[in-house]
Number of protein chains: 2
Amino acid sequence: MARRRQAVTIKHVAADAGVSLQTVSRVVNKDSGVRPEMMARVQASIDKLGYVPSIAAQRMGGSRSYLILALNDRERTIADWRARQGTDWFDQMMLGGMLTCAEHGYRLIVELVDTHSDHIERELLAAIAALQPDGVILTPPHSGNPLIINLLEAQGISFARIGSLTDGPGIRLIMDDTRAAAIATEHLLELGHRRIGFIAGPAEYELSAWRVDGWRSAMQAAGVADDDLLAVGDFSHASGRTAAAQLLALAEPPTAIIASNDQMTLATLELARERNLVVPRDLSLISFDDTPIIRLAHPPLSAIVQPIAEVTAQAVSLIIADLGARLTTTTPVTVPAVLTTRNSTSPPP
Amino acid sequence: MARRRQAVTIKHVAADAGVSLQTVSRVVNKDSGVRPEMMARVQASIDKLGYVPSIAAQRMGGSRSYLILALNDRERTIADWRARQGTDWFDQMMLGGMLTCAEHGYRLIVELVDTHSDHIERELLAAIAALQPDGVILTPPHSGNPLIINLLEAQGISFARIGSLTDGPGIRLIMDDTRAAAIATEHLLELGHRRIGFIAGPAEYELSAWRVDGWRSAMQAAGVADDDLLAVGDFSHASGRTAAAQLLALAEPPTAIIASNDQMTLATLELARERNLVVPRDLSLISFDDTPIIRLAHPPLSAIVQPIAEVTAQAVSLIIADLGARLTTTTPVTVPAVLTTRNSTSPPP
DNA sequence: TTGAAAGCGCTAACAA
DNA sequence: TTGTTAGCGCTTTCAA
C-alpha cells in the first residue's frame, strides 16, 4: 500500500506564512503571546492551505490526543444490539457524547470491555496505551468498579463516572434515581394506591439500590411500607416475569407495580394480561428508562425518563474542563429524571 | 495538567529483551525474518511488561493508524437519536463494524457529516487530516456521493460504499434491495393480490429506486403493473401518511401496500385504522427495514429485514483486506435481505 | 538475521 | 513576541 503522508503539514503553513513552526503551533493552539497581525497572517495561510493538525503528531509532541474513550459493558451492549428491542441507552450516550465532543474538537471512541473479566485491567491498559485518550467516560456497571477507577486515577487520566456514587476519584454524575423512584411512588400514592410493588434491578448496578431506596422512603413517608412488596430481577424480561408473579401471588397483592426497567415492566404487563388484569384499571404500572418500546405497548406505559444524552454531554464537558484546570468537584453532578405519564396508571380498583 | 507519557515503550521492551528497537518492531508487526528464539524472547518481554504500541506513534512512523472512519449522515442520524423511535440502523452498524474492527485490532470512529453541505469536502478532509484513518465506510446517502468518492480515491484511502451501485472507485456492498422488493411483491401476488401499492423512499437514496424496480418488475411479470400504484415519500411518518392517502384515494385502491421503510408503513397502518380498514383483512402491509417498533405494532408487521450488521462487518473486513493487497473487486458484494412474515399479510378481501 | 540512522508532524523548553 | 532545538514512540530506510 502506498504510504500516506500528511497532505498539508505545519511546515507548509510556516513556509507559506513566512514564520517559524512554533508560531504556527501557537496560533493553532490559541496560545497567548502572538501579535494579532501575525496571527491573522498565519490563520490566512491555514485557511488557504486547509491545514488541519494531525492528532497523532499532536499527541506525539506531548499535547492532547483529543480523544475521549467511552467504556461500555461489552456483554450488555452487544446483547442489546442483537436483541433489537429498541433499547437506546447507547444511542442516547452517543447523542450527548459525540455532539459535545465535536463542539470542543474532540472525538468519542467507544470501547467495550467485560466487567466480569479478570483481565479487565489489561484490556483497559491496552486501550489507553494504544489510544492515549485524554479522558474516559465510565458507564454502568463500570462506573463503580474500583479496579477501573483506581487504574484510571493512577494513570492520571480525567474520567467521569455516570451513575455511580461510590466514593473515589473521578467526576461523578447521577440521574437521581432515588428521587425518580420516589416521584413514581408518590404519583401512585396520590392516585390512592397503598399496595405498591417494586421490582428492583440487579445489585451489580448501584442504581438498583437507589431506586429501591426512593420507593421505600416514599412508602415509609406514607406509612404504607412493606418489604414483601419488593421483588428483585436482573433487568431481563424473564426475571421481570418471575418477580411480577411473586408480587401478584401475595396474600394482599399490589394494585400498582413499579419496575426498574422497561423489559421487566413489559413482562409484568404481559403477565397481568394473561391473568386477565386490565392495566391500568386493575393494576397500575410505572416503568424506568423509557426506551421506545414502552410507548408502543398497550396501553402506552408511564415511565421515568433517564436523561442519558444530557448526562453524557455533561460528562464530556466536565472532562474537557478538567483537562484545563483540575476540577476539585467532589459532589456528584445531578441531572433530574422526570416522570412521563401515559396511560398505565389510574386510581386503584 | 501533568504531561502523560507512554508507560511502556518499545525501548523498554528492547532493553528488557536485550535487542534493538527494530527487532521488537519486527516482532510486533509480525515481520518475517526474525529467528523463532529471538521472537519468543521479545514476545516474553512484551507480555511481561504489558507493552502495547501507541497508534499515534505507529502512524507517525509511517505505518497504519488502525482507525476506520464510519461516515454517517449527520442530520438523519441525530434526528433518529432524538426521535427515540427505536430506529437501530446505527446500532446494527456498530454491532457489525466495531466487533469486526476489534477482531483485527482496529477501532471504529464515527463521524457525522452533512450531505447537503457545500463544505462537505472540507469537513471530510479535516477528519482525514486529523485522524489519518486507514479506511472509510460510507453509509447512505454518502455512499454514492461523487464528491466524497473522488476525494477518498484521490487521497488513496481504502473505502467501502454501503448501499450504492453508482459506478466509481470503492468497495461496493449492497443488500439487494431490488430482489427484496420483488420478494415482498411476489409474496403478496401469491396470496392473490393484484393491486399492490408501493410507497417509495426519496430519490436521494439510491436504494429507493432499486426497491421500486423490484416491485415494478414483479408486478410486470405478473401482468398487473400500474404506476398509479406508486407513491413517493421521504421516509418520514408524515410523508408516509400522505402517500398512503394518495394510494387509498385511487378509484381502484390497493389491497396491499409495501412501504420503503418502517415509519411510512406505520403511518399507513395508522391511516388504515382511521378509515376502519382492518389489517390484514382489508389491507395487507409489508414494511422495509424491520426496526424494533414494527414488531410491537398491532398487528406485528411483516417486513424485509436489512442485514446491516452483516454488511458493515463485511465492509470492515474488505477494507482491511484491501489495505494489505489492493483488491480489484469491481462487482458489488451482495448480502441478501430476507422477508420475515408476521401478521400483516393475508389474501385480499 | 540483526542493528543503527534518519525522519514522521508536532510541541515543550529554551534562547534570542 | 518570535525562533531554535530537542525529543515524543515508532517505522522505514540502509548497512553490517
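Residue numbering restarts at 1 for every chain, and letters A, B, ... go by the order of the sequence lines.
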Kindly list each side-chain donor-acceptor pair under 3.5 angstrom involving residues 122-131 of chain A, sequence neighbours excluded, with atom names and distances?
none

Looking at A:Tyr51, does any N or O in its side chain come under 4.0 Å of the phosphate oxygens OP1/OP2 on C:dC10?
yes
Ignoring hydrogens and geometry, is there a side-chain-to-backbone donor-acceptor pair from A:Asn72 to A:Leu112 under 3.5 Å?
no
Separation of D:dT11 P from B:Met60 CE (nearest whole Å)
13 Å
Rounded to the nearest 0.5 Å, how far apart are CD1 of B:Ile174 and OG of B:Ser143?
11.5 Å
Is it the case that B:Ser54 and A:Gln132 place a side-chain donor and acceptor less than 3.5 Å from each other?
no
Nearest whole Å is fine: how far is C:dC10 C1' from A:Gln132 CD?
14 Å
So, taking the atom named OG1 in B:Thr77 and the one named CE in B:Met93, what distance separates them when rounded to the nearest 0.5 Å?
7.5 Å
Going by heavy atoms closer than 4.0 Å, what residues in residues 19-43 of chain B are next to DNA chain C?
B:Val19, B:Ser20, B:Gln22, B:Thr23, B:Arg26, B:Gly33, B:Val34, B:Arg35, B:Met38
Calculate the interatomic distance between A:Ile55 atom CD1 and C:dT11 atom C1'; express it in whole Å.
15 Å
Phosphate-side-chain proximity, B:Gln58 and D:dC10, N/O vs OP1/OP2 below 4.0 Å
no
When rounded to whole Å, the CG to P distance for the pair A:Leu49 and C:dG9 reads 14 Å
Calculate the interatomic distance between B:Arg59 atom CZ and C:dG7 atom P; express it in whole Å.
18 Å
With sequence neighbours left out, write down each residue that passes side chain to side chain donor-acceptor pair (under 3.5 Å) with B:Arg35, or none if nothing qualifies.
B:Glu37
For B:Gln6 and D:dG7, give me the distance from atom CD to atom P, rounded to whole Å.
18 Å
Just to verify, what does A:Lys48 make a salt bridge (Lys or Arg N to Asp or Glu O under 4.0 Å) with, not counting sequence neighbours?
A:Asp16
Divergence of helical axes at both termini of the helix from C:dT1-D:dA16 to C:dA16-D:dT1 - five pairs an end, 10° steps:
40°
To the nearest 0.5 Å, tell me how far A:Ile319 CD1 sits from A:Phe159 CZ.
9.5 Å
Can you tell me the distance, in whole Å, between the NZ atom of B:Lys11 and the C1' atom of C:dG3?
15 Å
Tell me which donor-acceptor pairs under 3.5 Å the side chains of residues 307-317 of chain A have, and how far apart each pair is, sequence neighbours excluded?
residue: A:Glu310; atom: OE2; partner: A:Gln314; partner atom: NE2; Å: 3.0
residue: A:Thr312; atom: OG1; partner: A:Ile308; partner atom: O; Å: 2.7
residue: A:Ser317; atom: OG; partner: A:Ala313; partner atom: O; Å: 3.2

